[in-house]
Amino acid sequence: MSKKGIFFTLGLGMFAFVILSLSIVASRHFGSYDDRFIEMIAFNRMSDLDMSLQDSIRELFREDSGISIGVAQSQAMFDQHLPLDMTELNLSMGLFNEYVVSNDRNIKLNLSEVRKSLPLWIKPSNIVYSQNLSQRSITIMPSEMNIAGYSITVNLEGPQNITSCVKASAAGAYNLSIDIIASNGTSCGMAWSADITQYNNISANGISVATISGGGIKVSTSGTNATVSSKVSLQGVGEEIPTVYLPENIIGISLSALELYKNSTAKLA
Amino acid sequence: MKRGQIFSIDMMLAIVLVTIVIGSSVYFFTNTEEDFMGYLQMVKTGDDITAILEKDGTIDGLSSIGIKAELNALLPVNYEMRLRINTTAYPEPIIIETESQMKDKSFIASGKRFFVFEHDNAMHTGSIQYEVWPR
């Protein structure tokens, strides 16, 4: 009988211990749930704010950059005037930056690189399409040799005729097509299998399109105004449609009280 | 009373006690989770509505009447909402609300969006701050 009493007491004690443990677990769970909820709300707010900043920057780019971007299967296309006038974009980006930072001290926008050379990143290939305003040029530069070829068409805005046409080519395995077209339809250009790591060049009427070391290509003008259409064919991306972004980390949001930080950029196409 | 009867009553009491403990725990957690999801839903509702107002061009007109009409059409019946729109186009903020009084001690979801828009042939920047609370 005394043994039964001991077992009964032990059983009751274990039952009480289980109930107590469950209560502690439940209490801790509830506490962490509360913290997680606050984080979840904060993260949602941060994400929505970030999306609105990305949308705004994309809108400013579309309105004021003077560059139109297109993407297709393993290709990225850019159209722009050369030289590019970035006055409008610089002004609107500057005002936007000023407004946002003065309205929300948790946000930092790093638009200096954008306002200087407007680098556009083709992902996933990491190819940069950028401007050099002082040299009146456009450069397309891959970070590795993942280019299948370039197709560059330059439509001259001033001259009626092609007055000079200089060609230099190095044979290889990449598709290269360059055309400089005057307003009367005459042109200077060619399409060939080139070695884009070597020097290739087509020049006419003050416009020069030349390959540069590292597999890049540069379109520059010494004064003639033109419209430049560039098509970059990518290698090693299969049937993937590339995306074009502004440089990484141009948007920074920090909620230091909650130790939440987010860096992002704007997708343009 | 026989020992068997005492054992049965004791067992029934134990079952009732355990059921009450487990039942109240489940009730407590379910309700808490529903509240949290409801709060999150309020935040998402606020952001979705401000995003729609911005994307469909309603905000660009900066007309209080037009924005309020669209807000009333979009806002679920169980919520109230207040918008404060600041822009570089006008020095004064535009305040639009479906109800001026907030309920005491109720959860208020709030957030902010930035936007750009064309007004008088120039690009302007603005921000919308929203507050959503249950009706």
Side-chain angles (χ1 to χ4, degrees), chain A residues 4 8 11-12 15-16 18-20 22-23 25-27 29-31 33-64 88-89 91-104 106-107 109 251 253, chain B residues 3 7 10 14 17-18 20-22 24-26 28-29 31-33 35-51 53-55 57 59-60 84-89 93 107-118 121-130 132:
Chain A
K4 275 183 185 173
F8 182 74
L12 207 66
F15 182 70
V18 168
I19 294 285
L20 189 69
L22 279 173
S23 307
V25 169
S27 155
H29 174 78
F30 180 66
Y33 203 90
D34 221 15
D35 293 343
R36 282 208 306 276
F37 170 69
I38 292 166
E39 282 173 7
M40 200 157 57
I41 294 270
F43 189 76
N44 257 281
R45 284 184 58 174
M46 188 188 255
S47 173
D48 293 336
L49 192 59
D50 178 50
M51 287 305 294
S52 77
L53 291 168
Q54 287 187 36
D55 287 349
S56 300
I57 291 171
R58 181 167 42 246
E59 186 67 23
L60 289 176
F61 179 88
R62 281 186 186 152
E63 284 290 328
D64 295 333
E88 282 288 309
L89 185 69
L91 181 69
S92 57
M93 287 277 187
L95 290 172
F96 179 71
N97 189 5
E98 201 176 297
Y99 181 87
V100 169
V101 173
S102 65
N103 270 270
D104 198 325
N106 297 317
I107 301 171
L109 298 179
I251 301 168
I253 306 174
Chain B
R3 283 172 68 185
F7 179 75
D10 183 48
L17 196 69
V18 168
I20 288 169
V21 169
I22 293 173
S24 44
S25 302
V26 168
F28 176 69
F29 278 114
N31 270 12
T32 307
E33 204 161 323
D35 281 352
F36 284 172
M37 288 302 127
Y39 296 159
L40 194 60
Q41 179 68 27
M42 256 195 271
V43 175
K44 293 308 293 175
T45 301
D47 189 69
D48 287 350
I49 287 176
T50 48
L53 291 173
E54 183 214 324
K55 302 273 180 210
I59 295 283
D60 298 4
R84 184 186 171 91
I85 304 165
N86 285 288
T87 69
T88 52
F107 175 82
I108 300 163
S110 65
K112 189 195 276 182
R113 282 185 72 84
F114 286 96
F115 65 102
V116 291
F117 65 107
E118 200 175 336
N121 296 320
M123 290 303 284
H124 288 275
T125 304
S127 64
I128 316 173
Q129 280 174 284
Y130 64 81
V132 183

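Worth saying up front: this structure is predicted, and the values here are computed from it rather than measured. Labels below follow one simple rule: chain letters A, B, ... track the order of the sequence lines, proteins then strands, and each chain is numbered from 1.
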For this session: Answer with side chain, backbone, both or neither: which region of A:F96 has an atom nearer than 4.5 Å to a non-hydrogen atom of chain B?
Result: both
Problem set entry | Proximity breakdown for A:N103 and chain B, heavy-atom pairs closer than 4.5 Å | both
For this session: Quick one: closest heavy-atom pair of B:L40 and A:F37, and the distance?
Result: N-CE1, 4.3 Å
Problem set entry | Toward chain A, the part of B:S110 with a non-hydrogen atom under 4.5 Å | both
I need the [X] [atom1] to [Y] [atom2] distance, nearest 0.5 Å.
| X | Y | atom1 | atom2 | answer |
| --- | --- | --- | --- | --- |
| A:E59 | B:T125 | CD | OG1 | 11.0 Å |
| A:I57 | B:F114 | CD1 | CZ | 11.0 Å |
| B:E54 | A:S56 | CD | OG | 6.0 Å |

Exercise. Is any side-chain N of the basic residue among A:R45 and B:D47 closer than 4.0 Å to the acidic one's carboxylate O?
Worked result: no
For this session: Give a yes or no on whether a salt bridge exists between B:K112 and A:D48, defined as a side-chain N under 4.0 angstrom from a carboxylate O.
Result: no
Problem set entry | Side-chain heavy atoms of B:T88 within contact of A:Y99, under 4.5 Å | yes
Problem set entry | Any side-chain heavy-atom pair of B:R113 and A:L53 under 4.5 Å | no
For this session: Could you have a look at A:L91, A:D104, A:D64 and say which one has the most heavy-atom pairs with chain B under 4.5 angstrom?
Result: A:D104
Exercise. So which of B:A51, B:G46, B:G126 has the largest heavy-atom pair count under 4.5 angstrom toward chain A?
Worked result: B:G126
Exercise. More than 12 foreign heavy atoms under 6.0 Å from CD of B:E118: is that the case here?
Worked result: yes
